[in-house]
Engineer: 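Once you've had a glance at the structure underneath, I'll fire off some questions.
Side chains are part of it too, since the values below use all heavy atoms of this structure and drop only hydrogens, waters and symmetry mates. Computed from a prediction, not measured in an experiment: that's the story for all the values here.
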Amino acid sequence: MPSNDVRTLLQAAVPTAAVGVVATVVSGVVAGGKGALGAGVATVVVTVFMGIGLIVLQRTARTLPHLFQGMGLLLYTTQVLALFVFMAAFKDTTLFNPRAFALTLVIATLAWIAAQARAHMKAKILYIEPEKTGTSA
């Protein structure tokens, strides 16, 4: 994975993890151990889903740049739908607090999207590939 891709992934994952830790602590204080567990699970789910999506999108941009925009829209739509499926699947669970899970899922997703947008805006991406000097023809 090129260094720009890793940098973008880290710049999105670290703030999301920080938001997840805060949400876990707040959920633990408000809803007890089950609230903390729900928030922790939600943070992991968001980080894994969005991280895999970012990697897939970056590989698509590199190999099939003409499909990048369409793939991005399809990917984000699929991710949001999958997160809603997770919320619906675990709404009646007794393993953890479903309200803490759902709130953390939404907050962590918004944190990821904001951090990824910020990382992309700050990235110094070349629009034109520079020519290599000193190559033999």
Side-chain angles (χ1 to χ4, degrees):
M1 186 179 268
S3 64
N4 283 341
D5 296 348
V6 173
R7 189 176 306 120
T8 302
L9 185 62
L10 285 175
Q11 288 177 344
V14 171
T16 303
V19 166
V21 168
V22 170
T24 301
V25 170
V26 170
S27 296
V29 169
V30 172
K34 287 189 175 192
L37 181 61
V41 169
T43 302
V44 170
V45 167
V46 168
T47 304
V48 168
F49 267 62
M50 300 303 258
I52 289 171
L54 182 60
I55 291 169
V56 168
L57 192 59
Q58 288 170 340
R59 287 191 180 184
T60 301
R62 208 173 14 263
T63 57
L64 302 166
H66 59 284
L67 295 178
F68 178 71
Q69 186 176 16
M71 181 68 168
L73 292 171
L74 177 67
L75 181 70
Y76 287 128
T77 303
T78 304
Q79 286 174 331
V80 168
L81 289 174
L83 291 174
F84 279 128
V85 167
F86 260 85
M87 284 194 323
F90 290 108
K91 73 177 180 180
D92 295 326
T93 187
T94 58
L95 179 63
F96 51 76
N97 186 320
R99 181 168 285 165
F101 175 76
L103 286 173
T104 303
L105 201 68
V106 170
I107 291 168
T109 300
L110 292 174
W112 180 282
I113 292 169
Q116 185 179 349
R118 182 180 184 277
H120 182 72
M121 295 297 287
K122 291 187 142 289
K124 300 205 176 359
I125 300 171
L126 298 174
Y127 292 99
I128 299 171
E129 293 291 327
E131 290 185 25
K132 294 184 180 181
T133 58
T135 59
S136 59

Engineer: Taking Lys91 for its side chain and Pro98 for its backbone only, find out whether a donor-acceptor pair lies under 3.5 Å.
Structural biologist: no

Engineer: So how far is it from Thr16 OG1 to Met50 CE, rounded to the nearest 0.5 Å?
Structural biologist: 8.0 Å

Engineer: Quick check on the hydrophobic clustering: are Trp112 and Phe84 connected, directly or via other members, by side-chain heavy-atom contacts under 4.5 Å?
Structural biologist: yes

Engineer: Quick one: pull up CG in Leu9 and CD in Gln58 and give me the separation to the nearest 0.5 Å.
Structural biologist: 7.0 Å

Engineer: Are Val80 and Leu83 connected in the hydrophobic side-chain network, where two residues link if heavy atoms are under 4.5 Å apart?
Structural biologist: yes

Engineer: So Met71 and Val56, side chain to side chain contact (heavy atoms under 4.5 Å, CB included) or not? Walk me through it.
Structural biologist: CA-CA 9 Å; Met71 181 68 168; Val56 168; 3.6 Å; yes

Engineer: With heavy-atom distances below 4.5 Å as the criterion, would you say the side chains of Val106 and Met87 are in contact?
Structural biologist: yes

Engineer: Once rounded to the nearest 0.5 Å, what's the spacing between atom CD of Gln79 and atom CG of Leu57?
Structural biologist: 8.5 Å

Engineer: Report yes or no: do Leu75 and Val48 belong to one cluster of Ile/Leu/Val/Met/Phe/Trp/Tyr joined by side chain heavy-atom distances under 4.5 Å?
Structural biologist: yes

Engineer: Enter the distance from Ile55:CD1 to Thr8:OG1 here, rounded to the nearest 0.5 Å.
Structural biologist: 11.5 Å

Engineer: Say whether Leu103 and Val45 are linked into one hydrophobic cluster, either directly or through other cluster members, by side-chain heavy-atom distances under 4.5 angstrom.
Structural biologist: no

Engineer: Between CG of Leu54 and CD1 of Ile52, what distance do you get to the nearest 0.5 Å?
Structural biologist: 11.0 Å

Engineer: Apply the test side chain to side chain contact (heavy atoms under 4.5 Å, CB included) to residues Leu105 and Val46: give CA-CA distance (whole Å), side-chain angles for both, the deciding distance (0.1 Å), then the verdict.
Structural biologist: CA-CA 7 Å; Leu105 201 68; Val46 168; 3.5 Å; yes

Engineer: Assign the ring pair Phe96 / Phe101 to parallel, tilted or perpendicular, where the plane angle (0 to 90°) is split at 30° and 60°.
Structural biologist: tilted

Engineer: Residues two or more places apart in sequence or in another chain: which of them pass ring pair (Phe, Tyr, Trp, His ring centres under 6.0 Å) with Phe49?
Structural biologist: Phe86

Engineer: Could you go through Ser27 and Thr104, starting from their C-alpha distance and side-chain angles, then the distance that decides it, and tell me whether this counts as side chain to side chain contact (heavy atoms under 4.5 Å, CB included)?
Structural biologist: CA-CA 9 Å; Ser27 296; Thr104 303; 4.2 Å; yes

Engineer: So which atom in Ala119 and which in Gln11 form the shortest heavy-atom distance, rounded to 0.1 Å?
Structural biologist: CB-OE1, 3.0 Å

Engineer: How far apart are the closest heavy atoms of Ala12 and Pro15, and which atoms are they?
Structural biologist: O-CD, 3.6 Å

Engineer: Could you check if a side-chain atom of Tyr76 sits within less than 4.5 angstrom of a side-chain atom of Ile113, using non-hydrogen atoms only?
Structural biologist: no

Engineer: Please say yes or no: joined through hydrophobic side-chain contacts below 4.5 Å, possibly via intermediate residues, are Phe90 and Leu95 part of one cluster?
Structural biologist: yes

